A.B. asks: 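Dropping a structure here in structure tokens format, bear with me for questions.
The structure presented is a predicted model; accordingly, all values stated were derived computationally and were not measured. Excluded from the calculations below are hydrogen atoms, water molecules and symmetry mates; all remaining heavy atoms, backbone and side chain alike, are included.
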Amino acid sequence: MVLAYVLTRSPGNNMLTVIDTKTHSVIAKMNIPSVEATNNIAISPDGKMVYTTVPMAVGGTVSVIDTKTHSIIANVAVGDNPNNIAITPDGKLAYVTNRDSGSVSVIDTKTHTVISTIITNGAPLNIAITPDGKLAYVVNDNMNIVSAIDTKTHFVIATIPVDSPSSMLAFTPDGKLAYTVDTGSGRVSVIDTKVHSVIASITIAGNPTNVAITPDGKLAYVIAGAFGDTPVSVIDVKTHSIIAEFPITRANSLAISPDGTVVYLTIESDNTVPVIDVKTQSIIATIQVENGGSIQEPIDNIAFTHDGKLAYVANRTADSVSVIDVKTHSVIATVPVTLPEVIKFIL
């Protein structure tokens, strides 16, 4: 059974809604106790656990949810204002960025305890782990640095200067390159993960907020959120040059299909999902959904199922999730969910 976990981020009303993707019906709801809005969720590689960051000004936590019983089985104390979470490919460790503590908490997923706290000398915002699980890269939103962490020793082994504070990052499938979006400078930095240094800086027509890389590692798609009339840019990973731009402005999230053939985008304060054909670099469809919401930050409000047959879109202000048939690029179901924002799937 493939399940969709949908996070509602709202102060005092944080919730995880579980949808059966076969019937497109809600099968469970879980309240997440927090006076602040939860930030993000991550799912263990085996699909047995869901982790969600619960921010507090002092003493944040990570809630651990059993996907079989749909219940919280542990609350792990981490640093102040935990923002994002990434899990190693073997599922043994979860790394949590604590923005206001300037640290990263390392959680042993077997015991649900913090086994290490790593100081990053910045305000760690987002984190990604290389496909081989050996490195974790952390972007800091108040300093022009990316912190590289050795996941074996839990030490910062390199501090990489970039053009401006970064909001998001993504690794190529082989883990050799990291792309960071440096919002303040309007550039994308390309980092060689072997030497931990920037090897290219690509100027974007606007302020980039998010990046995604195709499964074959050949292209990177960059969006600029609600920062004005900025197009979607396509970067050739081999040459580090922009090869295409699309006049799709105010895109606040993107997802690439598992087979790498199409890119779906959500638009801030809009009810359409533009579809880009990766091979032809053309817009082949515009899907009408319910209002996508007014979130002006990069969020995972669109996602493909692992087989690529369906895409789910969170319509925050419409209190619903649209289910799209990827073959026909059409909405086949609408699921009622209160203030949905982040979507992740488990098998």
Side-chain angles (χ1 to χ4, degrees), residues 40-43 84 86 125-131 137 139 146 166-183 187-191 193 200 202 204-227 230-238 240-246 248-268 273-279 281-284 287 292 295 297-306 308 310-314 324 326 341-345:
N40 218 324
I41 58 176
I43 296 175
N84 212 336
L125 183 65
N126 283 306
I127 185 168
I129 295 173
T130 51
Y137 268 34
V139 293
V146 174
S166 303
S167 59
M168 298 292 285
L169 76 158
F171 289 106
T172 52
D174 60 10
K176 293 181 178 180
L177 299 175
Y179 274 64
T180 70
V181 287
D182 308 334
T183 302
R187 294 187 178 95
V188 173
S189 293
V190 184
I191 301 171
T193 60
I202 306 161
I204 301 295
N207 292 313
T209 58
N210 206 347
V211 59
I213 297 173
T214 52
D216 61 9
K218 293 181 178 180
L219 299 173
Y221 284 78
V222 181
I223 61 174
F227 290 100
T230 304
V232 175
S233 300
V234 186
I235 298 171
D236 184 314
V237 172
K238 187 176 182 179
H240 310 306
S241 60
I242 295 175
I243 60 170
E245 289 182 337
F246 295 91
I248 303 171
T249 58
R250 308 183 77 83
N252 71 345
S253 190
L254 76 166
I256 301 175
S257 61
D259 63 5
T261 59
V262 292
V263 179
Y264 275 25
L265 301 138
T266 58
I267 310 300
E268 190 260 326
V273 174
V275 181
I276 296 173
D277 184 298
V278 172
K279 186 176 181 180
Q281 296 301 342
S282 60
I283 299 171
I284 58 171
I287 307 165
I295 300 301
E297 58 187 272
I299 55 175
D300 297 324
N301 64 1
I302 185 168
F304 288 93
T305 52
H306 296 88
L310 298 174
Y312 272 41
V313 179
I324 298 171
V326 176
E341 288 193 27
V342 180
I343 300 174
K344 299 288 176 69
F345 291 101

A.B. asks: If we only count heavy atoms from C-beta on, is the Q281 to I276 side-chain gap below 4.5 Å?
C.D. replies: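 A side-chain contact exists here, since the closest heavy-atom pair is under 4.5 Å.
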A.B. asks: Between V263 and V278, is any pair of side-chain heavy atoms under 4.5 Å apart?
C.D. replies: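 Result yes, sub-4.5 Å side-chain heavy-atom pair found.
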A.B. asks: Test of understanding: with side-chain hydrogen bond (donor to acceptor under 3.5 Å, both in side chains), list the residues that count as partners of H240, not counting sequence neighbours.
C.D. replies: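 Scan of H240 (side-chain hydrogen bond (donor to acceptor under 3.5 Å, both in side chains), adjacent residues dropped) gives Y179.
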A.B. asks: Between the main-chain N or O of V222 and the side-chain N or O of S233, is there a donor-acceptor pair closer than 3.5 Å?
C.D. replies: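 Checking the backbone N and O of V222 against the side chain of S233, no donor-acceptor pair under 3.5 Å is found.
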A.B. asks: Are the side chain of S257 and the backbone N or O of G308 linked by a donor-acceptor pair below 3.5 Å?
C.D. replies: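 No: the side chain of S257 does not pair with the backbone of G308.
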A.B. asks: Are the side chain of N84 and the backbone N or O of I127 linked by a donor-acceptor pair below 3.5 Å?
C.D. replies: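 No, N84 side chain to I127 backbone: no donor-acceptor pair under 3.5 Å.
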A.B. asks: Would you call the rings of F304 and Y264 parallel, tilted or perpendicular if under 30° counts as parallel and over 60° as perpendicular?
C.D. replies: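 Rings of F304 and Y264: tilted, 30 to 60°.
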A.B. asks: Do any N or O atoms from the side chain of T214 and from the backbone of G260 form a donor-acceptor pair under 3.5 angstrom?
C.D. replies: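 Not a single qualifying donor-acceptor pair exists.
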A.B. asks: Please determine which of I129, L177, T193 meets the side-chain contact (heavy atoms from CB on, under 4.5 Å) test together with F171.
C.D. replies: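 So the option named by the test is T193.
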A.B. asks: Applying side-chain hydrogen bond (donor to acceptor under 3.5 Å, both in side chains), can you list everything that pairs with T180, at least two apart in sequence or on another chain?
C.D. replies: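 For T180, the residues satisfying side-chain hydrogen bond (donor to acceptor under 3.5 Å, both in side chains) (neighbours in sequence not counted) are D182.
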A.B. asks: For E245, what residues pass the side-chain hydrogen bond (donor to acceptor under 3.5 Å, both in side chains) criterion, not counting sequence neighbours?
C.D. replies: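 Expected list: none.
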A.B. asks: Between the main-chain N or O of I43 and the side-chain N or O of K344, is there a donor-acceptor pair closer than 3.5 Å?
C.D. replies: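 Judged by distance alone, no pair lies under 3.5 Å.
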A.B. asks: Taking the side chain as everything from C-beta on, heavy atoms only, tell me whether V232 gets closer than 4.5 Å to L254.
C.D. replies: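 SC-SC contact between V232 and L254 ruled out.
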A.B. asks: Check the side chains of T266 and N252 for a donor-acceptor pair under 3.5 angstrom, ignoring hydrogens and angles.
C.D. replies: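 Side-chain D/A pair, N252 to T266: present.
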A.B. asks: Side-chain contact test, heavy atoms from C-beta onward, threshold under 4.5 Å: evaluate it for L265 versus F246 and give yes or no.
C.D. replies: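 Side chain of L265 against side chain of F246, heavy atoms only: no contact under 4.5 Å found.
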